[in-house]
Each structure stands twice: as structure tokens, then as C-alpha cells.
Chemist: 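Sharing a structure, written as C-alpha cells. Questions coming.
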Amino acid sequence: MAMMIWFTQWITIFAKQFLRLTEEMSHMLLSLYSLGSIMGVVVLYCVLQRYKHIHSLLVLINMIPIGALAVILCSENILVIAIACLLFGGSAASGVMQLGLVIFMKIYPKHRSLVTSAFYFFGSIASFTIPIITGILFENGILSVFIGLLLLGVIGLCLVSVLAMKSKEMG
């Protein structure tokens with residue numbers, strides 16, 4: 001959730017200030033993120049109908065936004081950046097949180113309501129803290145904000161990998 005909040009709050013500013021895009025093109029990147037998130041839900045649903053290894057899938061889906069962010073940070077080609085925004089939305093906002101929650105509940109089946117409460121409690125913490133953290137990072141420039149987002153993605157990937165391994169152990 002933190003990555004989604006972070007990205008949607010800052011992509012248009014990043015596009016204008018760092019990528020030097022017009023106002024319209026900057027907002028188009030946010031729209032592509034949103035389109036990707038809608039498409040991602042459908043794709044994830046279809047994949048889950050055929051692919052039953054949700055632990056590996058969760059790790060893979062968390063790798064994609066990191067790669068997309070790296071492309072957004074490094075590329076100068078607007079088409080490539082646009083595709084990366086679409087992929088970021090399709091992976092970071094496509095029901096990945098729900099997939100994580102399902103795995104989390106499998107680890108602690110006797111505490112499903114507590115797990116769900118904790119899961120959304122931490123989502124609320126993200127909603128509150130991300131604007132504060134990114135505002136502080138912005139004092140060093142917009143690039144710092146997106147490098148912080150990339151770092152958050154790597155930390156999240158590490159946590160998801162541990163969760164996936166723990167879930168596999170549980171059966």
C-alpha cells in the first residue's frame with residue numbers, strides 16, 4: 001500500500017520536474033498507472049485460476065514494480081517510461097495486497113480476524129506516514145523521493161520473500 005500511495009502522490013511532480021514532461025503528459029503517466037492497476041486485477045485473477053504457486057507469484061509480482069521504477073528512473077524514452085508506469089500499476093496495485101493477505105492468513109489460520117486487522121492497520125499507518133516521509137525526502141529534490149520509493153520496494157521484496165518462505169514451510 002505504501003508504494004501505491006507514494007507513487008500516485010509523486011509521479012506527476014517527478015514527471016514534470018525530473019523528466020521535464022508537460023502537465024498533460026505527467027498526468028497521463030498517472031492515468032497509465034491507474035489503467036495498469038485495473039488491467040492487473042483481471043490478469044492476476046486469470047493467472048490465479050491456472051497458477052497455484054501463489055508464494056512464488058507474490059515474490060514475482062513484487063519484483064515487477066522495482067524493475068518498472070528502475071526503468072522510470074533511468075530511461076529518457078517517454079514510451080518506455082509510459083509502459084513502465086502501466087507495469088507498475090499492474091503489479092503494485094493489482095490485488096497484490098489481497099494476495100499477501102491470503103498468504104498471511106494461511107500462516108495464522110486461527111487468527112484470521114487479527115491478521116486482517118493488523119494488515120489494514122499497517123495500511124492505515126502507511127496512509128498517514130508516507131506523505132510525511134516523502135515530504136521530508138522532497139526537501140532534497142524529487143529524485144530523492146523516487147530513490148526512496150525504490151528502496152521501499154526492495155525492502156518490501158525482502159519482507160515478501162520471507163513471508164513466502166514461511167508460508168511454504170507451513171504448507
Side-chain angles (χ1 to χ4, degrees), residues 1-23 25-38 40-41 44 58-76 78 80-105 107 114-166:
M1 183 178 279
M3 287 185 73
M4 293 181 291
I5 294 166
W6 198 311
F7 188 87
T8 57
Q9 287 185 343
W10 291 97
I11 187 60
T12 54
I13 296 167
F14 178 81
K16 285 188 282 187
Q17 289 186 4
F18 188 77
L19 300 174
R20 306 275 189 245
L21 298 179
T22 64
E23 182 93 17
M25 286 303 296
S26 299
H27 288 290
M28 177 59 79
L29 294 182
L30 181 57
S31 296
L32 287 169
Y33 161 88
S34 298
L35 180 62
S37 68
I38 293 166
V41 169
L44 183 61
L58 186 63
V59 173
L60 174 66
I61 290 175
N62 276 276
M63 288 177 165
I64 295 170
I66 295 169
L69 279 171
V71 167
I72 292 166
L73 284 167
C74 297
S75 182
E76 295 180 7
I78 187 61
V80 172
I81 292 168
I83 292 168
C85 285
L86 190 73
L87 284 173
F88 185 92
S91 55
S94 66
V96 174
M97 286 181 21
Q98 288 76 13
L99 188 58
L101 180 58
V102 167
I103 291 174
F104 202 27
M105 286 192 295
I107 295 172
L114 180 62
V115 166
T116 303
S117 297
F119 193 82
Y120 286 105
F121 172 77
F122 287 110
S124 297
I125 296 288
S127 295
F128 174 75
T129 58
I130 293 304
I132 295 168
I133 293 167
T134 56
I136 292 168
L137 289 173
F138 185 66
E139 292 175 4
N140 294 316
I142 190 65
L143 186 58
S144 296
V145 173
F146 269 71
I147 290 172
L149 177 56
L150 188 61
L151 180 62
L152 178 67
V154 170
I155 292 168
L157 178 61
C158 292
L159 292 173
V160 162
S161 297
V162 169
L163 176 67
M165 285 187 289
K166 176 76 172 156

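In what follows, residues are counted from 1 in the order of the sequence shown.
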Chemist: What's the shortest heavy-atom distance between Ala126 and Pro131, and which atoms?
Modeler: O-CD, 4.1 Å
Chemist: Does a side-chain heavy-atom distance below 4.5 Å link Ile72 with Phe14?
Modeler: yes
Chemist: Using every non-hydrogen atom in the two residues, find where Met3 and Leu152 come nearest and quote the distance to one decimal.
Modeler: CG-CD2, 3.8 Å
Chemist: Taking the side chain as C-beta and beyond, is there a heavy-atom pair between Phe119 and Met105 under 4.5 Å?
Modeler: no
Chemist: For the residue pair Thr134 and Trp6, confirm or rule out a side-chain donor-acceptor distance under 3.5 Å.
Modeler: no
Chemist: With a 4.5 Å heavy-atom cut-off, do Ser26 and Leu30 have their side chains touching?
Modeler: no
Chemist: Would you name the heavy atoms of Ile64 and Ser91 that are closest together and state the gap between them?
Modeler: CG2-OG, 3.4 Å
Chemist: Answer whether the closest heavy-atom distance between the side chains of Asn62 and Val59 falls below 4.5 Å.
Modeler: no
Chemist: Report yes if some heavy atom in the side chain of Ile142 is under 4.5 Å from a heavy atom in the side chain of Trp10; otherwise report no.
Modeler: yes
Chemist: Of the non-hydrogen atoms in Leu150 and Ala70, which two are nearest, and what is the gap between them?
Modeler: CD1-N, 4.2 Å
Chemist: Taking C-beta and beyond as the side chain, do Leu143 and Leu73 meet within less than 4.5 Å on heavy atoms?
Modeler: yes
Chemist: Kindly give the heavy-atom pair with the smallest separation between Met1 and Gly123, and that separation in Å.
Modeler: SD-O, 3.2 Å
Chemist: Using 30° and 60° as the class limits, which term best fits the ring planes of Phe88 and Phe7: parallel, tilted or perpendicular?
Modeler: parallel
Chemist: Quick one: are Leu29 and Thr12 in side-chain contact, heavy atoms under 4.5 Å?
Modeler: no
Chemist: Kindly determine whether Glu76 and Leu19 satisfy side-chain contact (heavy atoms from CB on, under 4.5 Å), including the steps that lead there.
Modeler: CA-CA 7 Å; Glu76 295 180 7; Leu19 300 174; over 6 Å; no
